Amino acid sequence: MDEDSLIVKEVALGSHKAYKILFNKYFPKVKYFITHLIKSETTAEDLAQDVLTKVWEYRSRLTAVESFNSYVYRMAKNAALNYLEHKFVEDTFLATLAGRPPETVDNEWDEKEIRLLEQLTISRMPPQRRKVYEMSRIEGLSNDEISASLCVTKKTVENHLNLALKELRKVLYIITLSF
């Protein structure tokens with residue numbers, strides 16, 4: 001076992017000392033990672049603290065974690081994506097309330113932020129739907145190939161794709177309201 005694994009194991013058992021070591025080691029890394037995604041150091045600091053607080057709150061789950069590094073960065077990515085999604089909805093709503101056209105929202109969205117929202121939407125899909133979507137749109141497989149590969153009917157593949165695209169269109173529709 002490496003040093004991190006031992007510390008994580010101690011945290012899972014409720015060691016405040018081990019948690020302090022883990023927090024001090026990962027906080028700057030997580031903050032930097034989130035800052036890179038959301039472009040706000042102050043907010044990134046808050047989100048990084050929230051992520052590491054959740055590590056403590058859900059410490060009993062750490063025993064099932066194979067790679068703490070991957071685990072904490074996944075949490076950080078999700079926190080950043082949730083923040084961006086919430087900020088987008090809030091900015092659009094405030095612009096609408098103020099009677100301004102949404103394209104004048106101060107924080108304009110660039111392509112990277114749109115891709116992050118798309119990734120968030122895909123990551124929140126049920127596993128089978130996500131798999132069908134990825135096989136179709138990323139791997140470029142036909143519905144028949146997906147059907148054969150997953151041992152499901154072609155109709156099931158079509159239903160999953162329709163639902164996945166519907167979810168993505170909904171997110172993209174909200175985004176287009178802000179431009």
Side-chain angles (χ1 to χ4, degrees), residues 1-98 102 105-131 133-134 138 164 167-168 170-175 177-178:
M1 265 189 179
D2 65 352
E3 183 182 342
D4 273 0
S5 297
L6 292 172
I7 293 170
V8 169
K9 187 175 181 180
E10 290 296 314
V11 171
L13 295 172
S15 169
H16 290 279
K17 183 179 177 185
Y19 175 71
K20 185 175 181 182
I21 292 168
L22 196 70
F23 185 94
N24 289 334
K25 180 176 182 178
Y26 279 92
F27 180 79
K29 296 175 184 181
V30 170
K31 179 183 166 193
Y32 177 79
F33 177 73
I34 294 174
T35 301
H36 179 71
L37 293 174
I38 67 170
K39 311 293 189 263
S40 168
E41 191 169 341
T42 306
T43 303
E45 189 169 317
D46 291 341
L47 291 174
Q49 191 164 8
D50 290 347
V51 165
L52 291 166
T53 299
K54 285 181 182 175
V55 166
W56 177 255
E57 289 173 0
Y58 300 109
R59 63 189 172 276
S60 62
R61 297 180 185 172
L62 293 176
T63 56
V65 173
E66 291 181 28
S67 168
F68 180 75
N69 196 50
S70 297
Y71 178 75
V72 77
Y73 279 105
R74 168 70 69 150
M75 288 176 69
K77 176 185 163 195
N78 288 340
L81 291 173
N82 288 339
Y83 168 79
L84 288 172
E85 182 178 40
H86 176 77
K87 180 90 172 106
F88 174 77
V89 170
E90 182 180 314
D91 288 348
T92 303
F93 177 73
L94 291 175
T96 304
L97 277 181
V105 174
D106 294 336
N107 297 334
E108 291 190 20
W109 287 66
D110 62 13
E111 187 174 326
K112 184 176 182 180
E113 290 163 327
I114 292 170
R115 295 293 161 242
L116 285 171
L117 277 174
E118 179 183 26
Q119 288 175 358
L120 175 65
T121 304
I122 293 168
S123 72
R124 289 183 173 174
M125 290 179 186
Q128 184 80 344
R129 185 178 310 157
R130 181 174 55 242
K131 182 71 176 160
Y133 176 81
E134 289 171 346
I138 296 171
E167 286 180 53
L168 287 167
K170 187 168 100 177
V171 169
L172 292 175
Y173 174 73
I174 292 170
I175 290 170
L177 291 177
S178 73

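Quick caveat: nothing in here was measured; it's all calculated off a predicted structure.
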Exercise. Should the pair E167-R124 be classified as a salt bridge under the 4.0 Å nitrogen-to-oxygen rule?
Worked result: no
Problem set entry | Separation of D2 CG from I7 CD1 (nearest 0.5 Å) | 9.0 Å
Problem set entry | Within-4.5 Å side-chain heavy-atom neighbours: K87 and I38 | no
Exercise. Is there a side-chain contact between I21 and V11 (heavy atoms, below 4.5 Å)?
Worked result: no
Problem set entry | Heavy-atom closest contact (L47 atom, A80 atom, distance) | CD1-CA, 4.4 Å
Exercise. Nearest 0.5 Å, what's the CG-CD distance between L6 and E3?
Worked result: 8.0 Å
For this session: Using ring pair (Phe, Tyr, Trp, His ring centres under 6.0 Å) as the criterion, point out the one residue from Y32, F68, F33 that pairs with Y73.
Result: F33
Problem set entry | Nearest non-hydrogen partners of A12 and T63, listed with the distance | CB-CG2, 3.8 Å
Problem set entry | Interatomic spacing from NZ in K39 to CG in L84 - rounded to 0.5 Å | 9.0 Å
Exercise. Between A18 and S15, which heavy-atom pair has the shortest distance, and what is it?
Worked result: N-OG, 3.1 Å
For this session: Identify the heavy atoms of I34 and A48 that sit nearest to each other, and give their distance.
Result: CD1-N, 3.8 Å
For this session: Would you mind reporting whether V72 and L22 have side-chain heavy atoms less than 4.5 Å apart?
Result: no
For this session: Mark yes when over 12 heavy atoms from residues, nucleotides or ligands other than Q128 sit less than 6.0 Å from its CD; otherwise mark no.
Result: yes
Exercise. Say you draw a straight line from CD1 of I138 to CZ of R130; how long is it, rounded to the nearest 0.5 Å?
Worked result: 10.5 Å
Exercise. Do F23 and V55 come within less than 4.5 Å of each other through their side chains, counting heavy atoms only?
Worked result: no
Seminar exercise, completed: So NZ of K25 and CG of N69: to nearest 0.5 Å the spacing works out to 8.0 Å
Exercise. Can you check whether V8 reaches V65 side chain to side chain, under 4.5 Å on heavy atoms?
Worked result: no
For this session: Give, for atom CD of Q119 and atom CG of L81, the distance between the pair rounded to the nearest 0.5 Å.
Result: 7.0 Å
Seminar exercise, completed: For residues 43-62, the side chain to side chain donor-acceptor pair (under 3.5 Å) pairs (sequence neighbours left out) are K31-E45, S40-T43
For this session: Any chance you could lay out the side-chain contact (heavy atoms from CB on, under 4.5 Å) test for M125 and I122, step after step, and finish with the verdict?
Result: CA-CA 5 Å; M125 290 179 186; I122 293 168; 4.2 Å; yes
Exercise. Taking the six-membered ring of Y26 as reference, does the NZ or CZ atom of K29 fall below 6.0 Å from its centre and within a 45° cone about the axis?
Worked result: yes
